[in-house]
Amino acid sequence: MALLKFFSRPSLILFAPLVCVLLFAFFITSSYFVERQQRRDYVSASQVEHLSQGLMRMNHLVAMAAKAQDFTRVEEELALLGSDIRLSVYTLIDRRGNIRFANHGVWRDSSAQLVIDGYESQAHDDSVAEGRSRIYFNDKRQSIQAYYPITPQLSSLSVERPELIYLEYDMAPMLAASDEAVLVGLMRTGAIALATTLVLLGLFYYFVLSPIRYLSCQAAALGQRETDSRQKPIESPFIELHSLEQNLRRFKDRFQQGAKQLKDSEQRWLFAVEVSRYGIWDWNLEDNSVFLSDRWKDMLGYGPEDLVPELATWESRLHPEDKEGILKNLNAYLNGDTEEFESVHRLRHQQGHYIWVLDRGMTVEWNEKGKPLRMIGTLSDVTEDIRNQKAAMHQAKHDPLTDLANRRALMDALYQQQDESGSCAALFMLDLDNFKVVNDALGHHGGDRLLIQIAARLSSYFSSNSLIARVAADEFVVLVKKLPEDLLGAQRRAQALASQMRQLIARSFHISGHTFNLSASVGIAIIDPSEAIPPEQQLKRVNMALAQAKESGRDACVVYSSEMDKRAAQNLMIRTELVHAVARHQLSLFYQPLLNAKGEIASVEALLRWHHPQHGAISPADFIPVAEGSALIVELGEWVLLEACRFIRGLQEQGIRPPMVSINVSARQFHQDEFAPKLLAMLKDQGISPAHIELELTEHVLLTDLQQVRQTMTQLREAGVSIAVDDFGTGYSSLSYLQELPLNRLKLDASFIRDMGNGEASASIVKAMIDMSHSLNLEFVAEGVEIQSQFEQLKAYRCDLYQGYLFHRPMPGEELARLLVRLGDRPLLSSV
C-alpha cells in the first residue's frame, strides 16, 4: 500500500533525486554502448584496411609465382604469416574448393568446406565470378573474414592452381581491449559527473525542496493546533518561494480568524438546537451518511453514541405501513416534483414502540447539473398530537394490547374512590414471576399473547365493581371496591381475592404449541376512606407490598403495613447518610474481648458503630444489610481494616502488647481479586504483624467459588493471618468445606448458646459441634455467653474461647487499652 501511494503521488524530495539518478544511469549506459560500438567499428575498419594491403601483396606474389611456375616464395610468405596467432586461417583455394596453400600445413590438399569452420563455398564462387573481393567483420564469430579472388586469373588449363585467398582474423582480443578502454574512460567521466550531480542536488534540496517542505508542514498544521506566530523565515534565494511564504502567512491569519468565527457560530447554533424541541438531521446524498443530533436520538430513546450515522438507521425504523409513502414523498421532493419535504410518520423507539414525528427538510447543496447533494432537516415528536387527533377516550385510557385500563384510567378511578365513603377498597398489584424467561422463549409476540390471556382471566373473574389495569409490561393492578367497612374484614377479603388471583395465574397456559405454568407475586394495599390518602401514595404503598412479596421468595402475597413506610424511609436515610459517614467521622470501632479457659484475653472482636449527629446511634443490624446491598460495604470494610491496624499500632506505641483483633469481612469484599494482596500491603504499610489480625467470614462467603476462596485463604494463612467462620450453624453448614479450607476457629452463633437451657437436645448439639471442631483441629468460640450457668456448661464441654456480656461488653479502643494495662496477665474468671 505504501509503495502504491508513493508511485501515485510521490514526494518531491525523493522523486527529484531518483529521477536524477535514473537519468544519470541512462546517459552513462547509453554513452558506454555508443562509444564502445564506435571504437569497435574503428578497430575493425583499421584491421580490414591492414589486411587488404596484405591480400594485395599476396595476390602479387601468387601471380609472380605462377609465371615462374615456382610457389616457394608463396609458401615462405604463408609460413611468415603463421607467426601471427590472431590470423587463424590463411589459405589459397582452387576452383574445386581444395586448399592448395595454407598457414597450417596439415590443411593442404584438403577440402576447405570440411576443415574450415567459417568458410562458405557460395561466397567463394560469387567473389570469383564477380572478380570482386569481400572483406568484412563477422560480429557473430568476432573475426574478420576475407574472400579475395587472385587476379589476373591463372591459366584455366590446370584446376590445381589457386583462384581465391580466404582468411579469417580473430578480433576478440582487440575488441576486449577496446571495450576496457571505453569503460575506464566513462568511469572517470561518470565519477566527475556524479559528484557534480550530488552537489547540485544538495543545493537544490537546501534552497528549493527544504523550503517547500517547510511551507507544506506549516500549511498542514493549520487548524490542528496553535502554531507559533514567530516562525523563522525560509532560506532560499528564489523570490517565488518567499512570495509563497508571505501568502501562506496571510492565509493563516485569515484562516485562524475564520476558524474562530466558525467556532463561535457553531456554538451558537448548537445552543439553539439543544434548547429547542427539534432534532436535527443532515443527509449527504453522495455517500448516504447522515448526521443525527443528540436530541434526534433522544426522541427514540438512544444515547449520543448508540446509532450508526447512515441513512439505513432512519429507514430501518420507519413503520412498515408508513415506509412506502414517506420514501415516495422524499423522492418526489428530490426530483423537483414538490416544493417542500414535510411528512408525519412513525418511527420505532428503542423500547420497541412507535412514536409519531413531524419530519421537515430542505436541500442546501447541489452539483453543477443541479442534482441535490445535501439535505438538512428537523424532527419533532408529535405523538401526543396524533393521539389527541386519532384516539378516542377509550384508546386514551386503555392499554392497546390487552384493552385493559391503563395507568391514566387507574389514577382517575383512584381519585374517584376518594369521594366514596362508608366502605373500604383494596388495591392489588400483580407481577408475573420470571416473565422475562417466558418472553425470551416465546418471543415478544408470544409474550403479548400471554399477557392477553392473563388479562382475559382477570377480567372474567372480577365483577363490575372492580377496575383492572395494566401499568407495565407484566404488572397488573386491580382496584376492588365495596369491601367490608371494617379494616380487618376488608383485609381478609383482600387476601382471599389475592389467593384467587394467584390461582388464576397458576393454571396452565397454552401458547404456540407450548404448555407452561407461571406464578405471580401480589401486593395489597387497603384503601380506608377515613385516611384520605392521595392516589399516588396508594400506588406507592401497593408497590412496597409487592416488593416485599418478591423479596420473600416470590409466589407470595403481602399486605401493606405502616412498618414498610418506616423501613423504606429508614433505609433511604441510611443509604443517603452512610455514603458520607466515613468522611464526616461518624463511624467508630468498639472492641469486645474473647477469653480463654484461663480467663485471659485471647483476642478481641472489632465491632463497627455509627453515631449520627441527628439520628443518634444507628444499630449495625439496620445499616449493615443496607451497605451489603451495595458497594458501600467494601468501603466500610476497608475503613474497618485500616482503623483496626491503627489501633494495634497505637497499643504498640504505648508499650502495650496488643491482642489479636478479629475483623468481620463481607462476602462482596472477600471475593475481590485483590483483597488478599491489598490487605497484606496495608499491614506492611502500617507496620502490623499479620499474626495480630483474624478475619471472621460468614458461611455465605463459602457458597460461591470454593476454589477461589481456598486460594485466597491459603495466601492469607501462609502470611500469618488467622481465619474464623462466624455465626456457624445459621447458614448452609457443610463439613466438606471445614475439611478443605485452611481455618483456625469456628464461632458458634449466639442462638445456640441461648437455647442450651431449653433442653438436652440443644446442649447436645453444642457439645457435638465442639467435639467436631476439636477433631478438625479448630478452636471453638462460643459467643453470646451471658450467664454463669452457660459458661460452666461450655467449660465442661471443653469450649476453647468465650465471648459475651458475662465477661465484657463492647468498649471503645481507649477503654480497652486501659483494661489491658490494668489486668496485665491476671485472669478474669475470678470476677465473673
Side-chain angles (χ1 to χ4, degrees), residues 578 581-582 585-596 600-611 617-625 627-628 632-654 656-670 675-676 678-680 682-683 685-698 701 716 719-728 744-747 749-750 779 781-785 801-805 807-820:
L578 192 56
V582 174
H585 306 290
Q586 298 173 1
L587 300 178
S588 61
L589 286 185
F590 276 49
Y591 300 90
Q592 186 175 23
L594 281 72
L595 279 63
N596 58 21
E600 301 169 339
I601 295 180
S603 63
V604 295
E605 180 180 4
L607 301 172
L608 184 60
R609 295 294 184 263
W610 181 15
H611 185 83
I618 301 177
S619 172
D622 293 331
F623 71 82
I624 291 297
E628 287 182 340
L632 287 173
I633 192 64
V634 177
E635 181 181 353
L636 293 181
E638 292 177 352
W639 182 87
V640 170
L641 287 170
L642 181 60
E643 194 65 21
C645 290
R646 290 171 176 171
F647 172 70
I648 295 173
R649 189 177 61 188
L651 292 178
Q652 292 174 338
E653 292 173 353
Q654 298 176 47
I656 303 173
R657 186 177 63 182
M660 183 170 62
V661 178
S662 299
I663 303 170
N664 293 280
V665 178
S666 70
R668 183 190 293 263
Q669 183 180 8
F670 187 80
F675 173 73
K678 287 175 63 176
L679 173 59
L680 296 177
M682 180 189 297
L683 295 177
D685 183 62
Q686 295 292 324
I688 304 302
S689 170
H692 287 116
I693 298 296
E694 180 178 68
L695 302 182
E696 293 191 6
L697 309 173
T698 63
V701 176
L716 294 172
V721 177
S722 177
I723 300 176
V725 176
D726 194 16
D727 297 334
F728 181 72
N744 296 88
R745 292 177 179 176
L746 288 183
K747 293 189 70 175
D749 187 70
E779 285 187 320
V781 181
E783 58 181 353
V785 181
L801 299 173
Y802 309 87
Q803 179 182 4
Y805 287 176
F807 310 105
H808 291 285
R809 292 179 176 272
M811 64 189 71
E814 298 82 1
E815 184 177 341
L816 176 62
R818 291 193 296 270
L819 176 65
L820 293 173

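Positions are given from 1, in the same order as the sequence printed here.
- Using a 4.5 Å heavy-atom threshold, the side chains of H808 and L819 count as touching.
- Proximity of V634 to R668: side-chain heavy atoms (C-beta onward) are separated by under 4.5 Å at one or more points.
- Rounding to the nearest 0.5 Å gives a distance of 12.5 Å between OG1 of T698 and CZ of F728.
- For P658, the side-chain contact (heavy atoms from CB on, under 4.5 Å) criterion is met by I648, L651, Q652, H692, not counting sequence neighbours.
- For P620 against L608, the heavy-atom pair with the smallest separation is CG-O, 3.4 Å.
- Closest non-hydrogen pair, P593 versus V604, comes out as CA-CG1, 3.8 Å.
- For the pair L641 and L695, the minimum side-chain heavy-atom distance is below 4.5 Å.
- Under the rule for a side-chain contact (heavy atoms from CB on, under 4.5 Å), the partners of E814 that lie at least two apart in sequence or sit in another chain are P812, R818.
- The two residues Q686 and C645 have their closest heavy-atom pair at CG-CB, 4.0 Å.
- Between F670 and L716, the closest side-chain pair of non-hydrogen atoms falls below 4.5 Å.
- Looking at heavy atoms from C-beta onward, E605 lies in side-chain contact with N664 at the 4.5 angstrom threshold.
- Interatomic distance, CD of E783 versus CG of D749, reported as 6.0 Å (0.5 Å rounding).
- Here the shortest heavy-atom pairing between A750 and G784 reads CB-CA, 3.9 Å.
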Begin with the C-alpha distance, continue with both residues' side-chain angles, and end with the deciding distance and a verdict on side chain to side chain contact (heavy atoms under 4.5 Å, CB included) for F807 and Q592.
CA-CA 9 Å; F807 310 105; Q592 186 175 23; over 6 Å; no
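- With sequence neighbours excluded, no residue forms a ring-ring contact (aromatic ring centres under 6.0 Å, His included) with F590.
- Under the rule for a salt bridge (charged side-chain N to carboxylate O under 4.0 Å, His left out), the partners of R646 that lie at least two apart in sequence or sit in another chain are E643.
- The structure places CZ of F675 at 9.0 Å from CD of E638, a figure rounded to the nearest 0.5 Å.
- Legend: residues meeting side-chain contact (heavy atoms from CB on, under 4.5 Å) with N744, ordered by chain and number and at least two apart, are R717, S722, I723.
- The shortest distance between side-chain heavy atoms of L578 and I618 does not fall below 4.5 Å.
- E696 has its side chain out of reach of R745: every pair of non-hydrogen atoms, C-beta onward, lies at least 4.5 Å apart.
- Taking CG of L801 as the start and OG of S603 as the end, the distance is 6.0 Å to the nearest 0.5 Å.
- Here the side chains of D622 and W610 are not in contact, with every heavy-atom distance at 4.5 Å or above.
- In this structure, NZ in K747 is found 11.5 Å from CG in L697, a value given to the nearest 0.5 Å.
- Taking the six-membered ring where the residue is Trp, F647 and Y591 present parallel rings, their angle staying beneath 30° rather than reaching 60°.
- Residues satisfying the salt bridge (charged side-chain N to carboxylate O under 4.0 Å, His left out) test with E815, not counting sequence neighbours, are none.
- Among all heavy-atom pairs drawn from P810 and Y805, the shortest one is CD-CE2, 3.8 Å.
- Residues A644 and L589 approach most closely at N-CD1, 3.8 Å, considering heavy atoms.
- To the nearest 0.5 angstrom, L642 atom CG is 8.5 Å from D685 atom CG.
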